[in-house]
There are 2 protein chains.
Amino acid sequence: MRRATDHVIAGLEARISSGELAHGERLPSERALMAEFGASRSVIREAIAALSNRGLVLCRPRHRPVVRRPGYEAVLEVTGPAVRQLLGTPEGVESLFRTRIFVERALAREAAANARREDIAALRQALEANRAAVEDTPQFYVTDRAFHRVLYEIPRNPVFPAVHEGFFNWLRPHWVKMNQTVAINRVNLAAHEAIYEAILARDPDAAEAAMNRHLEAAWGFVRETFAEAG
Amino acid sequence: MRRATDHVIAGLEARISSGELAHGERLPSERALMAEFGASRSVIREAIAALSNRGLVLCRPRHRPVVRRPGYEAVLEVTGPAVRQLLGTPEGVESLFRTRIFVERALAREAAANARREDIAALRQALEANRAAVEDTPQFYVTDRAFHRVLYEIPRNPVFPAVHEGFFNWLRPHWVKMNQTVAINRVNLAAHEAIYEAILARDPDAAEAAMNRHLEAAWGFVRETFAEAG
DNA sequence: CACAAGTTTTGGTCAGATCAAAGGATTTCC
DNA sequence: GGAAATCCTTTGATCTGACCAAAACTTGTG
């Protein structure tokens with residue numbers, strides 16, 4: 001039992017993945033599509049909504065939907081609303097943060113074992129940006145994020161940068177609520193330095209341990225904020 | 001700029017998370033909802049579709065939507081269609097498989113370091129099921145999956161079992177296409193034994209290495225199948 | 001050539017109607 | 001009495017046609 005909507009979805013999906021509808025191009029108007037597929041606007045509209053939820057088109061209210069090349073970022077973006085549901089509860093936040101810790105410990109190990117020369121250069125550059133921004137809390141957040149980003153790029157697997165985006169976007173609300181101070185920035189800077197040193201020394205165990213200390217401490221800060229906020 | 005649909009979505013979300021609409025209960029009929037929210041069926045329908053995409057309700061064609069408690073499985077399920085888009089390309093499959101390898105290497109290490117007595121018992125039980133099913137290929141697939149599942153449960157973080165579901169469901173089509181033979185089953189069984197031994201010996205490095213060999217070999221089998229299929 | 005005003009297109013929403021499947025309620029039959 | 005077949009109401013899926021306000025496009029003007 002197929003719904004008419006499914007037919008339209010399949011048709012549009014085909015036209016997108018065949019490249020007939022190119023990335024960045026606007027979708028035909030709803031009325032044009034109803035002529036093309038011989039369906040009413042209801043089903044066209046429903047199909048477009050479905051494509052939007054699959055990350056194939058980007059919909060803004062009152063604007064023509066825009067075709068997007070499916071990518072890992074799109075997947076994470078689509079996942080956003082569902083994840084936010086889970087972040088309503090403290091346990092949800094903790095689960096997600098601990099997942100992040102798990103991933104980044106492994107990333108630190110991976111970096112120590114396999115980082116190339118250019119990776120290490122990128123890491124050092126990010127570290128210097130940290131140092132330069134240590135007095136400027138908002139800017140430090142940006143460079144902090146960039147430092148971790150480098151680690152997600154080292155495996156050269158496009159899934160990881162997308163996961164990085166996901167973690168940071170989902171957890172940001174809980175992060176900015178935190179009391180960010182220059183003192184904490186210094187702690188984090190020192191932690192980054194330790195991680196960098198361990199990676200430079202090609203010592204996976206030390207890198208993992210340093211990352212673990214860093215993120216467990218960060219989690220402690222976040223949890224404190226929770227406790228205060230009640 | 002708010003759309004009427006957003007209002008209905010918010011209203012239903014509230015009624016769900018407040019428990020007024022309990023898990024497993026059926027949503028009111030579309031006609032009832034349009035009376036309640038003073039909106040036309042179009043917006044009600046669009047709102048329900050949106051909730052479905054957020055994993056808050058489960059929709060089957062021609063059936064009344066059913067309320068679901070938001071959970072990590074729901075998130076992964078919602079992500080499914082988008083991920084499947086990416087799996088259309090061989091690079092997509094490889095990225096996802098390598099992500100799995102990355103995660104399970106870390107899980108093996110984690111297990112060796114922190115598995116409790118009951119975890120190890122579960123692992124041994126799963127391993128024995130592997131042994132018993134080694135001649136029965138379809139059954140071996142089931143027990144194979146169960147063995148890996150145990151590893152995802154060891155960190156006691158609800159995100160991981162959901163990720164396990166995701167990996168297996170997404171990759172299953174590429175797995176079943178593979179030439180599964182008793183010979184391959186034996187290879188995998190031996191690999192599982194090696195992983196188990198390393199975890200039992202509390203040797204993270206050996207556990208990670210064993211897992212790595214296991215999954216790289218598996219990836220080799222999958223890739224061969226690709227090459228044959230063209 | 002840029003910018004403002006006017007016109008057409010188009011997404012968001014509504015109202016009302018049809019149809020076939022789902023879900024009960026009812027009756028039939030062992 | 002309980003399982004199975006049958007009837008009837010509800011309800012999801014789809015269609016038609018319409019209206020409005022915001023976008024997108026066109027045109028006139030400085």
Side-chain angles (χ1 to χ4, degrees), chain A residues 1-16 20-68 74 77-78 80-81, chain B residues 1-16 20-68 74 77-78 80-81:
Chain A
M1 130 258 42
R2 260 293 205 323
R3 284 173 296 190
T5 299
D6 297 332
H7 178 239
V8 177
I9 294 176
L12 287 177
E13 259 180 3
R15 290 182 56 181
I16 290 175
E20 187 183 335
L21 291 171
H23 173 74
E25 201 175 327
R26 289 180 308 176
L27 227 54
S29 77
E30 298 182 352
R31 283 155 174 100
L33 289 172
M34 42 190 294
E36 184 182 329
F37 286 98
S40 70
R41 269 183 81 193
S42 335
V43 318
I44 301 291
R45 237 150 183 291
E46 218 167 299
I48 291 177
L51 291 183
S52 164
N53 303 328
R54 293 177 198 204
L56 287 177
V57 301
L58 180 62
C59 287
R60 287 178 308 158
R62 291 255 161 227
H63 280 258
R64 202 81 151 276
V66 170
V67 177
R68 293 204 306 183
E77 202 172 303
V78 164
Chain B
M1 136 112 269
R2 254 306 206 313
R3 284 172 294 189
T5 299
D6 297 333
H7 179 240
V8 177
I9 294 176
L12 287 177
E13 258 180 3
R15 290 182 58 181
I16 291 176
E20 187 183 334
L21 291 170
H23 173 75
E25 203 176 324
R26 288 183 308 174
L27 226 54
S29 77
E30 298 181 353
R31 281 150 177 106
L33 289 173
M34 46 188 289
E36 185 181 328
F37 287 98
S40 71
R41 275 188 75 192
S42 333
V43 317
I44 300 292
R45 209 138 215 303
E46 221 167 296
I48 291 178
L51 290 183
S52 165
N53 303 323
R54 292 175 199 206
L56 287 178
V57 302
L58 181 61
C59 287
R60 286 178 308 158
R62 291 251 159 229
H63 281 258
R64 203 79 153 276
V66 171
V67 177
R68 293 202 309 181
E77 206 171 299
V78 165

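Atom set for the values below is all heavy atoms of this structure, side chains included, hydrogens, waters and symmetry mates excluded.
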**Request:** Can you see which heavy atom on A:Ile44 is nearest to which on A:Val8, and at what distance?
**Result:** CD1-CG1, 4.1 Å

**Prompt:** Can you check the B:His7 NE2 to C:dT13 C1' distance for me, whole Å?
**Reply:** 15 Å

**Asked** Heavy atoms, side chains only, cut-off 4.5 Å: are A:Arg45 and B:Arg45 in contact?
**Response** no

**Fill in**
Rounded to whole Å, the CZ-P distance (B:Phe37 to C:dT13) equals 14 Å

**Rounded interatomic separation in angstrom, taking CZ from A:Arg64 and C1' from C:dG12** = 15 Å

**Prompt:** What's the CD1-C1' distance between A:Ile48 and C:dG12, to the nearest Å?
**Reply:** 12 Å

**Asked** CD1 of A:Ile44 versus P of D:dT16: gap in Å, rounded?
**Response** 12 Å

**Item:** NZ/NE/NH1/NH2 to OD/OE distance under 4.0 Å, A:Glu46 and A:Arg3
**Value:** no

**Length of the line joining B:Asp6:CG and C:dG11:P, which is rounded to integer Å** = 17 Å

**Prompt:** If every non-hydrogen atom of A:Gly55 is compared with every non-hydrogen atom of A:Val78, which pair is closest and at what distance?
**Reply:** N-CG2, 3.6 Å

**Message:** For a quick test of reading the model: is some side-chain N or O of B:Thr5 closer than 4.0 Å to OP1 or OP2 of C:dG12?
**Reply:** no

**Message:** Checking contacts here: which listed nucleotide (C:dG12, D:dA13, C:dT10) is nearest the side-chain heavy atoms of A:Glu30?
**Reply:** C:dG12

**Request:** Could you check A:His63 against A:Glu46 and say which one's nearest nucleotide on DNA chain D is further toward the 5' end?
**Result:** A:Glu46

**Prompt:** Are OP1 or OP2 of D:dT11 and a side-chain N or O of B:Arg62 less than 4.0 angstrom apart?
**Reply:** no

**Request:** Kindly give the heavy-atom pair with the smallest separation between B:Leu33 and B:Pro28, and that separation in Å.
**Result:** CD1-O, 3.8 Å

**Message:** Strictly below 4.0 Å: does B:Arg45 bring a side-chain N or O up to OP1 or OP2 of D:dA13?
**Reply:** yes

**Item:** salt_bridge(A:Glu25, A:Arg15) N-O dist < 4.0 Å
**Value:** no

**Message:** For B:Arg31, is there any backbone N or O sitting under 3.5 Å from a side-chain donor or acceptor partner on B:Arg41?
**Reply:** no

**Fill in**
Ranking A:Arg60 and B:Leu27 by the position along DNA chain D of their nearest nucleotide, the one closer to 5' is B:Leu27

Scan nucleotides 14-18 of chain C against the protein and return all N/O pairs shorter than 3.5 Å with their distances rounded to 0.1 Å.
from   : atom 1 : to      : atom 2 : distance (Å)
C:dC14 : OP2    : B:Ser40 : N      : 3.1
C:dC14 : OP2    : B:Ser40 : OG     : 2.8

